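The model shown is predicted, which means the values in this text are computed figures rather than measured ones. Every chain is numbered from 1 and lettered A, B, ... according to where its sequence line falls, protein lines coming before strand lines.
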There are 2 protein chains.
Amino acid sequence: MSTSPAPRTRPLRADAERNRQRLIAAAQELFATRGIDVTLDDVARHAGVGVGTVYRRFANRDELIEVVLVGAVRRLADHAEKALANPDPWDGFEEFFVAATRDFAENRGLRELVLERHRGTADAFVDVRNGFQPATTTLIGRAQEAGELRDDLEPVDFPLIQLMLGAVTHHTRDVAPELWQRYVTLMLDGLRTRRDAPTPFAAPAITDAQFDRALT
Amino acid sequence: MSTSPAPRTRPLRADAERNRQRLIAAAQELFATRGIDVTLDDVARHAGVGVGTVYRRFANRDELIEVVLVGAVRRLADHAEKALANPDPWDGFEEFFVAATRDFAENRGLRELVLERHRGTADAFVDVRNGFQPATTTLIGRAQEAGELRDDLEPVDFPLIQLMLGAVTHHTRDVAPELWQRYVTLMLDGLRTRRDAPTPFAAPAITDAQFDRALT
DNA sequence: ACTAAGCGGAGATATGTCCTCCATTTTGTT
DNA sequence: AACAAAATGGAGGACATATCTCCGCTTAGT
């Protein structure tokens with residue numbers, strides 16, 4: 001366990017600050033594409049700085065994760081707030097559901113952090129998560145009271161459903177990064193109370209060749 | 001890369017054969033619970049034999065996987081055949097779909113091998129898989145022609161859907177191994193062409209406490 | 001021009017898997 | 001019961017990979 005850099009009194013020197021930003025940008029990209037388990041050596045190389053610089057600036061991976069991903073978590077919360085403003089209960093629910101699925105599809109690190117919690121999560125995240133839980137619960141409740149969303153669902157079902165959708169992206173990101181759009185439709189059709197016909201898919205199925213390439 | 005043990009001419013000595021069976025049994029259990037990436041050292045310890053014995057008996061992990069899991073793959077094929085005998089197209093489809101989901105839920109190694117192909121797959125599996133593909137295609141086609149299964153689905157969608165259901169078990173196996181039964185219902189309701197009301201869930205949601213314990 | 005801050009990246013440390021080797025034990029045959 | 005062939009176990013070497021420190025050198029800022 002490394003010790004945290006002492007709380008700073010003076011601001012960073014210009015070059016140091018520049019390198020810090022480079023590191024954050026590199027981490028942002030690598031966390032999103034390869035997940036939060038990338039090595040810090042990788043992050044350093046990707047940022048074009050030495051490893052020493054990473055460890056001088058961030059106590060450990062968790063600290064870097066926090067700096068890089070709080071924004072993404074907060075964006076999830078924003079989706080929920082925005083969806084609450086939608087006057088139609090089902091549309092509001094669907095709006096949030098799809099937005100969340102997209103965010104998880106586009107950011108593997110976010111998925112791992114919020115849905116799978118691969119690494120010990122810093123307190124900062126617990127706060128943010130608790131912060132937007134009421135909004136999602138309301139979105140769900142409203143849609144259920146309106147009779148549109150099946151009412152035997154509970155809030156805890158939703159992270160698990162997102163986990164399911166995330167699995168598609170996890171395994172097909174390289175061949176069809178938009179494939180989640182197909183299965184999110186399927187899922188929503190399952191979540192509805194009743195329905196006369198299938199909602200058309202927003203994305204085509206992958207080909208058999210793509211499937212073969214995906215599973216490796 | 002190790003070389004395969006020379007093709008045997010004589011049968012194994014009694015003690016050798018006994019140890020071989022022990023190894024297979026141990027591997028069966030470990031592959032099912034911990035996946036096909038368990039170390040052969042682990043398998044040996046679990047079987048109560050030395051590591052040397054594993055490597056003497058099996059050229060590499062793939063050979064052991066093959067011996068242990070062909071049976072499980074063949075069982076999948078059997079489910080498909082059996083479901084074809086069901087006179088109702090939708091019931092037949094559902095019967096197979098649920099049986100496959102159960103098998104994948106109960107055997108992590110099978111999931112990894114058939115759905116995620118974590119390791120290079122031996123030819124034996126390709127044969128078995130190709131062997132039961134026609135049956136599943138027929139099951140799907142029948143249900144679509146009967147107007148029960150949404151007809152914009154393609155066969156390649158189903159392994160991906162199974163992947164999604166598998167993700168639930170993957171993350172909650174320790175707290176609620178039967179949870180897949182809840183989401184398989186949801187999924188089937190999404191797959192149907194039309195529906196007046198939700199099909200009741202076969203399993204309750206997990207509690208928040210269980211959810212917290214699951215994500216670690 | 002001088003000093004404090006910062007830098008890079010080689011390499012020490014730790015962990016973990018794979019697989020071999022051989023002194024010893026067990027089996028099966030005569 | 002004696003013997004040869006077969007089989008055993010598990011220590012340990014080879015290899016891979018990640019984490020994090022250290023220090024001689026560079027650079028920013030006054």
Closer than 4.0 Å, any side-chain N/O of [X] to the OP1 or OP2 of [N]?
X	N	answer
B/R10	D/dA6	yes
B/N19	D/dA7	no
B/T53	D/dG9	yes
A/R61	D/dT19	yes

* Asked: Taking only residues two or more places apart in sequence or in another chain, which ones pass salt bridge (Lys or Arg N to Asp or Glu O under 4.0 Å) with A/E95?
  -> A/K82
* **Contacts of type salt bridge (Lys or Arg N to Asp or Glu O under 4.0 Å), residue A/R173, not counting sequence neighbours** => none
For residues 25-33 of chain A, which side-chain donor-acceptor pairs fall under 3.5 Å, sequence neighbours excluded?
from	atom 1	to	atom 2	distance (Å)
A/T33	OG1	A/E29	O	3.0

For nucleotides 13-16 of chain D, tabulate all protein N/O to nucleotide N/O atom pairs closer than 3.5 Å, reporting atom names and distance.
none

* Which residues pass the side-chain hydrogen bond (donor to acceptor under 3.5 Å, both in side chains) test with B/R34, sequence neighbours left out? -> B/D42
* Using side-chain hydrogen bond (donor to acceptor under 3.5 Å, both in side chains) as the criterion, list what pairs up with B/Q21, not counting sequence neighbours. => B/E17
To the nearest Å, how far apart are [X] [atom1] and [N] [atom2]?
X	N	atom1	atom2	answer
A/F58	D/dT19	CZ	P	15 Å
B/D42	C/dC19	CG	C1'	15 Å
B/E17	D/dT8	CD	C1'	16 Å
B/L23	D/dG9	CG	C1'	12 Å
B/R20	D/dA7	CZ	P	12 Å

* So, for A/I206 and B/V156, which heavy atoms are closest and what is the spacing to 0.1 Å? -> O-CG1, 3.3 Å
* Toward the 5' end of DNA chain C, which comes first, A/D41 or A/V49, by nearest nucleotide? -> A/V49
* Nearest-nucleotide 5' precedence on DNA chain C, B/L40 against A/G48 -> A/G48
[atom1]-[atom2] distance between [X] and [Y], expressed to the nearest 0.5 angstrom:
X	Y	atom1	atom2	result
A/Q133	B/D208	CD	CG	6.5 Å
A/I36	A/R111	CD1	CZ	11.0 Å
B/M187	B/M164	CE	CE	5.0 Å

* To do: Hey, could you give me each pair passing side-chain hydrogen bond (donor to acceptor under 3.5 Å, both in side chains) that has a residue in residues 99-109 of chain A? Not counting sequence neighbours.
  => A/H79-A/D103, A/T101-A/Q162, A/R108-A/E112
* Please answer whether the main-chain N or O of A/L215 pairs with a side-chain N or O of B/E116 as donor and acceptor at a distance below 3.5 Å. => no
* Structure fact -> The correct set of residues in residues 26-34 of chain B placing a heavy atom under 4.0 Å from DNA chain D is none
* Return one dot-bracket line describing DNA chain D 5' to 3' (Watson-Crick or G-U wobble pairs, both distances under 3.5 Å; ( ) same strand, [ ] crossing, | another strand, . none). => ||||||||||||||||||||||||||||||
* From the list C/dT17, D/dA11, D/dA7, which nucleotide is the closest neighbour of the side chain of B/V51? -> D/dA11
* Determine whether B/V49 and B/R20 make a side-chain contact, defined as any pair of heavy atoms from C-beta on separated by less than 4.5 Å. => no
* What is the per-nucleotide protein-contact pattern of nucleotides 22-30 of chain D, from the 5' end, where B denotes a base atom under 4.0 Å from a protein heavy atom, S denotes such proximity for sugar-phosphate atoms only, and - denotes neither? -> -----BSS-
* Asked: Which pairs, with at least one residue in residues 154-175 of chain A and sequence neighbours excluded, count as a ring-ring contact (aromatic ring centres under 6.0 Å, His included)?
  -> A/F93-A/F158
* Asked: Which pairs pass salt bridge (Lys or Arg N to Asp or Glu O under 4.0 Å) with one or both residues in residues 156-166 of chain B, sequence neighbours excluded?
  -> A/R182-B/D157
